[in-house]
Amino acid sequence: MEKATLLHYATMAVPRYTSYPTAVDFVALDDGQRIGWLRQIADGQAVSLYLHIPYCREICHYCGCFTKAVRRDDVIADYAAAIVRDIRLQAQYLQGRPRVVHLHWGGGTPSILPAENFTAIMAALREAFDFDGAVEQAVELDPRTVTPVLAATLAQIGVNRASLGVQDINRQVQEHIGRVQPVMMVERAVSHLRAVGIEDINFDLIYGLPLQTVQSLRETCETVGALRPSRIACYGYAHLPGRRANQKLIDESLLPDAFERYEQAATVGMSFKQQGFVEIGIDHFARPDDPMAVAMRKGRLHRNFQGYTDDKCPVLLGFGASAISEFPQGYAQTIADIGQYRRAVAAGNLATVRGIAVGAEDRLRAALIRDLMCGFAVDLAHYGGKARFASELAGLQPLIADGIATEKDGQITVPETSRPFVRIVAALFDTYRSSKPVRFSSAV
Ligand SMILES: C[S@@+](CC[C@H](N)C(=O)[O-])C[C@H]1O[C@@H](n2cnc3c(N)ncnc32)[C@H](O)[C@@H]1O
Ligand code: SF4
């Protein structure tokens, strides 16, 4: 592909399609609608749970997550109490005790919670839900906060997978992103976790950061690969300082351009594949025996708000400020303002503010977009045939001409070299995109 063509596609703003419809298409939604959906969950039905802890000790310059800096421990304790209340409130609408298959502690930095808050939240969950089967329990951790005591608490409540935010190991890059974290700290965190039996370790990396080069990224990938993680997620840095004030601290003159980003992403992919990891979708890598790699081989890879997953559960219940719940009938999001969230649950409300009910057409397009995002191919015959997608196929022609996709008898494929651009192909099938100009991060 010519450089000008590559730059044209690499700078296109497109959603990440962790859901369809995407969260920017949510509309006003209230507790009544969500309660109706909660009531339809049956006793013993498989559910996944997501807990959002929106606090960090300090905010990294690059961060795009929903989180706030907190100094006082009483603020964290009050929030943990609100989550317990939230769990009990939602539980009263359930029919019996649904069976948990996956539990994810996300943030922010869940490792900011003291041991007693972890155990109180877990106790509330065990009262409301059945944890008797195999449960994958994952937690997002800041390596700077991982102590032997924290590791022991996590093991005791049943955590069996931990994601560590590594970002980059280069000291100069770390200084420019406000996240100084010597690689020794990551190694220590990994050994504390392994010492208590938490063997499944994921690392989060970012490319496209200030001062990063192809060479520096290769070093980062080789160093972290040697620590034998089960999975690695490597996201392109999403720089949206208009939305995230902390990102104004990033020196834009040091950011790699779109072409360098493309080369960095390719370097990351090459390095992990050379180290024996399997490439999963656009931004994940896994050891061949990891459940996500197995799911991909078996065509069972899925996508949810945490990115790629092997969790295909159709119900995901969210707890905490800004948390999104997914039901077969639609999505519901809790208010993001932490004070308002706490006051709402204290008053006995679920604090639902946004979401969207999905219809048959949304479900069909969600599955089609998932095929593309997870397998880089879709057979339109499974979705009603070519004739149903005449305008999308017309929109696909320039992409075919530029080598981004191929189409034969309704089988659309994104070739290996164009995989970073799969979101652009997916966006053609997104009926919400045509009507709304919204700023997303760039395709690469
Ligand atoms: C909730 S944090 C992980 C846990 C913990 N707070 C930490 O930072 O170690 C989730 C991950 O999102 C990624 N991330 C955050 N902001 C990003 C951005 N602007 N662009 C791309 N990735 C980002 C980082 O890799 C980060 O580790
Ligand atoms: S990257 Fe992690 S630690 Fe840094 S501000 Fe974001 S959520 Fe907090």
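Because the structure is predicted, anything quoted here is derived from the model rather than measured. One-based numbering, in listed order, for ligands and for the atoms of each. The basis for the numbers below is simple: all heavy atoms, side chains too, and nothing from hydrogens, waters or symmetry mates.
Thr352 and Asp30 share no side-chain donor-acceptor pair at under 3.5 Å. Side-chain contact, Tyr17 with Asp430: a donor N or O sits under 3.5 Å from an acceptor N or O. Of the N and O atoms on the side chains of Asp311 and Ser48, at least one donor lies less than 3.5 Å from an acceptor on the other residue.
Classification of Arg343 and Asp78 as a salt-bridged pair fails, no side-chain N sitting under 4.0 Å from a carboxylate O. In this structure, Glu175 pairs ionically with Arg171, as a charged nitrogen and a carboxylate oxygen lie closer than 4.0 Å. Asp142 and Arg179 are joined by a salt bridge, as a carboxylate oxygen and a charged side-chain nitrogen come within less than 4.0 angstrom of each other.
Around atom 8 (Fe) of ligand 2, the protein N, O or S atoms closer than 2.8 Å are Cys56 SG, listed by chain and residue number.
Close approach of ligand 2 to Arg179 (heavy-atom distance below 4.0 Å) involves ligand atoms 1 (S), 2 (Fe), 3 (S), 4 (Fe).
The protein heavy-atom contact nearest to atom 1 (S) of ligand 2 is Tyr62 OH, 3.2 Å.
Annotation: side-chain contact (heavy atoms from CB on, under 4.5 Å) contacts of Asp362 (sequence neighbours excluded): Tyr20, Pro21, Val358, Tyr432.
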Are there any protein N or O atoms under 3.5 Å from the N or O atoms of ligand 1? List them with distances, or say none.
residue: ligand 1; atom: 6 (N); partner: Gly108; partner atom: O; Å: 2.9
residue: ligand 1; atom: 6 (N); partner: Thr109; partner atom: OG1; Å: 2.9
residue: ligand 1; atom: 8 (O); partner: Arg179; partner atom: NH1; Å: 2.8
residue: ligand 1; atom: 9 (O); partner: Leu141; partner atom: O; Å: 3.3
residue: ligand 1; atom: 9 (O); partner: Gly165; partner atom: N; Å: 3.4
residue: ligand 1; atom: 9 (O); partner: Arg179; partner atom: NH2; Å: 2.8
residue: ligand 1; atom: 16 (N); partner: Gly64; partner atom: N; Å: 3.0
residue: ligand 1; atom: 19 (N); partner: Tyr62; partner atom: O; Å: 2.8
residue: ligand 1; atom: 19 (N); partner: Ala238; partner atom: O; Å: 3.2
residue: ligand 1; atom: 19 (N); partner: Gln247; partner atom: NE2; Å: 3.4
residue: ligand 1; atom: 20 (N); partner: Ala238; partner atom: N; Å: 3.0
residue: ligand 1; atom: 25 (O); partner: Gln167; partner atom: OE1; Å: 2.7
residue: ligand 1; atom: 27 (O); partner: Gln167; partner atom: NE2; Å: 2.8
residue: ligand 1; atom: 27 (O); partner: Asp204; partner atom: OD2; Å: 3.3

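For Lys312, the NZ atom sits in a packed shell: over 12 heavy atoms of surrounding residues, nucleotides or ligands are nearer than 6.0 Å.
Classified by interplanar angle (parallel below 30°, tilted 30° to 60°, perpendicular above 60°), the ring pair Tyr79/Tyr341 is tilted.
Legend: salt bridge (Lys or Arg N to Asp or Glu O under 4.0 Å) pairs involving residues 256-271, not counting sequence neighbours: none detected.
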